[in-house]
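So the structure is just underneath, and the comments pick up after that.
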Amino acid sequence: MATFLSKLGRLAFRRKGVTLLLWLLVFVGTGVAASSAPAPPADTFSMPGTESQEAFDLLTEKFPDASVDGATARVVVRAPEGTKVTTPATRTEVERLVTELGVSSPQVAGVADPYESPAVSISEDGTTAYTVVTYKVPAAEVDDEAHDALDDATEQAREAGLTVEAGGDAVKIEQAMGGTGEQLGVLVSAFVLVLTFGSMIAAGMPLITALIGVGIGISGITALGSTFGLSGTTSTLAMMIGLAVGIDYALFIVSRFRAERAEGRTPEEAAGRAVGTAGSAVVFAGLTVIVALAGLAVVNIPMLTKMGLAAAGTVAVAVLVAITLVPALLGLAPVKVMARRGRLRYAVKPLSDRQRRRAARHEAKPARRTRPNLGTRWARYVLRHPVVVLLVGVIGLGTVAVPAASLELGLPGEGQMSTQTTQRKAYDLLSESFGPGFNGPLTITVQTVSADGTGATSAGTPADARRTGDEIGKALARTPGVASVSPATANKAGDTAILTVVPTTGPTEKKTEELVHALRDTADDLERSTASRILVTGQTAMFIDFSQTLDDALLPYLALVVGLAFLLLMVVFRSVLVPLKAALGFLLSVAAALGAVVAVFQWGWLADVFGIDAPGPIMSTMPIFMIGVVFGLAMDYEVFLVSRMRESYAHGARPGEAVVDGFRYGGRVVGAAAVIMMSVFSGFIVEDNDFVKMIGFALAIAVLFDAFVVRMAIVPALFALLGRSAWWLPKWLDRILPRVDVEGERLAGTQPAARSPRENTLVG
């Protein structure tokens, strides 16, 4: 591996013009393909194998007229204080609003008149009513004109003295990402890179190559969107993770190049060795990230699978960019990439008189005693006090992880939006006037089946289907937690009926989840006595099934990614204990990160600091996303830091010396990489969207725990305690595992070339 990558790095360095041209063609080509590709499909949400999805598919088949995918807006109206919506003057204004909503936009399909069904659409006290606006197009296709028309109609009603708010997927989302997070992350990353390298050129390379890699990845996703059903949101994870790893991978290559140049190697030799050693670590680190992201397919939710695969593809592009484009850019500026101070040492063209005088003055200065860097001093401290460091790290993370035991999962709805949004205001108005369960109704489908036990559909008359549905509705109404059950509605074929169950509790409450399970248990008993097939669905039930699906998939997903990564790391490090402690350390850092997320976003600790309006259940997708992303990044730090230890150990260093060498050469770079990752993810905390804010916080805090507590403290402490045992590998396993030479043992024979001052040049 190291030999092949070294040759690749030298080739890219020598043929820098051709390499840059090829990447430019790829960048432009994917951009053109993305701009000319058909519009990506709208977001679709499905959960194969769940009862709610089965019922939804049944509704689409049996009630084609009612199962239109058009967007809806639920407009809630409250009469002025002291009056009711049935008061003549107020009714006139409400009817004017309904009329205006119906003609406001050509995308509107229809508007329900609340006075036609007052028992359903008007509250018992008569102060509040609501109407539903149905659109001809899905939510993603509702245009700005329709959004503005809805806003104008509601504003006119407010001017007439009514309290009017709107919710539903047709209402413009006020909590949208503004791009501020990415900009802040890039700015902080640039600052950290300048501090790390002391060179604007060296700092710019990781940023430029990362942006190129992300640009190619996102353009590729857009170009293939219509072919593979990749919606616009599929690229969200790809952008976040691609930017972070793209910067880090290039950072490691550039850093190793500078280290090789400092040891006296020529620019081409340094590029070859940098790609052969650090590049090998990049390849295997990238593989672990790809495994973690592609492993999302085991959850069996198409949306997550597409997001994971798209992000994995972007990471693969980042790896290719790091091992080919980065050495080509180094070929353009092999001297200016070095720190500004002492840059003349690396020149190979004849120096000018002025440059020789500067070099002479620099050499004439008294030699300063070089102090061990911070990484070296820290490693030596850990080697002297391994037990103390280990206990402090493990106990500290364990304490932070305690709140994770109270983790409650759910999906965000209008009830978790900011109290300043019209969606949240409409949600609260409906809860106050119609009950908390009104915002999360459940849909029951009742399909009549033959009594012969085959399960075949038994068609009858609509009246028969309604009668069966009403009978089942009366039985379900006796279930604790049910506020009301609507009369049944039958389809034209007379084989299926639907009815609506309104819970007594809100859609995100635990009791509502218990009610869904209780209704399904009752339905199982009723199916035998009524010769029916009864299914529970609706948005609330789908959210509950979604959370359950993710919960069931968590352990298989962990087993898959940890198992595959364990094998990869065992091949890389020729050890059993190194990958084992890497996996255990990852689990500890993830548990601590989940504990911090629960404390802030669920319990509300420091909610004002992070701008959280409504603490509540943790987004169901967040833990599995965090596990996938953080596992890949944790293995990055493990590979980059420990591979340098392994390289030193393979070249004859004692275990303690190997740990010190790993931190001497890799500690500062890994620390900088972690700070960059944290800055990229922390930038998303300032966004208004609560889910984006939660993901940004979770990933940033997880990187903090994993990089600085697990990899920088617990890992070297364990190495100090294990000694040579850390590198133990059974002989039979050593014989069957492939040898990939990540440490560059076959490159060890390439010694630094001795050069005279006349050979120095100033290139780049």
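Quantities reported herein were computed from a predicted structural model and do not represent experimental measurements.
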Steps toward side-chain contact (heavy atoms from CB on, under 4.5 Å) verdict (V710, F705): CA-CA 7 Å; V710 174; F705 291 153; 5.7 Å; no

Minimal non-hydrogen separation, [X] against [Y], with atom names:
X	Y	answer
V275	I323	CG1-O, 3.9 Å
V315	G286	CG1-O, 4.0 Å
V659	P716	CG1-CB, 4.1 Å
I201	A333	CG2-CB, 4.1 Å
V382	A713	CG1-O, 4.1 Å
A653	A658	CB-N, 4.2 Å

Within the 4.5 Å heavy-atom criterion, are [X] and [Y] side-chain neighbours or not?
X	Y	result
I627	L554	yes
F573	S643	yes
I247	L207	yes
V282	L5	no
V571	L567	no
M570	L729	yes
E269	R10	yes
D661	R644	no

Has the side chain of [X] got a donor or acceptor atom that lies under 3.5 Å from a matching backbone atom of [Y]?
X	Y	value
E408	Q602	no
T314	V214	no
Y557	A292	yes
S255	L251	no
S6	T3	no

Looking at [atom1] of [X] and [atom2] of [Y], how far apart are the two atoms once the value is rounded to the nearest 0.5 Å?
X	Y	atom1	atom2	result
D552	N300	CG	CG	11.5 Å
M619	S547	CE	OG	8.5 Å
L397	L588	CG	CG	4.5 Å
I253	D248	CD1	CG	12.0 Å
K306	L304	NZ	CG	11.0 Å
I290	L564	CD1	CG	12.5 Å

Single hit among I695, I701, L699 for side-chain contact (heavy atoms from CB on, under 4.5 Å) with F681: L699

Salt bridge R574-D734, side-chain N to carboxylate O under 4.0 Å: yes

Residues in ring pair (Phe, Tyr, Trp, His ring centres under 6.0 Å) contact with Y637, at least two apart in sequence or another chain: none

Step-by-step side-chain contact (heavy atoms from CB on, under 4.5 Å) determination, I301 to T621: CA-CA 11 Å; I301 295 178; T621 54; over 6 Å; no

Intermediate values then yes/no, side-chain contact (heavy atoms from CB on, under 4.5 Å), F719 and V578: CA-CA 9 Å; F719 271 115; V578 170; 3.9 Å; yes

Pairwise side chain to side chain donor-acceptor pair (under 3.5 Å) hits with a residue in residues 711-721, at least two apart: E638-R711, D706-R711

Parallel, tilted or perpendicular: ring planes of F252 versus F640, cut at 30 and 60 degrees: parallel

Parallel, tilted or perpendicular: ring planes of Y381 versus W378, cut at 30 and 60 degrees: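 Because their plane-to-plane angle is under 30°, the rings of Y381 and W378 count as parallel.
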
side-chain contact (heavy atoms from CB on, under 4.5 Å) assessment of Y665 paired with S648: CA-CA 11 Å; Y665 294 109; S648 179; over 6 Å; no

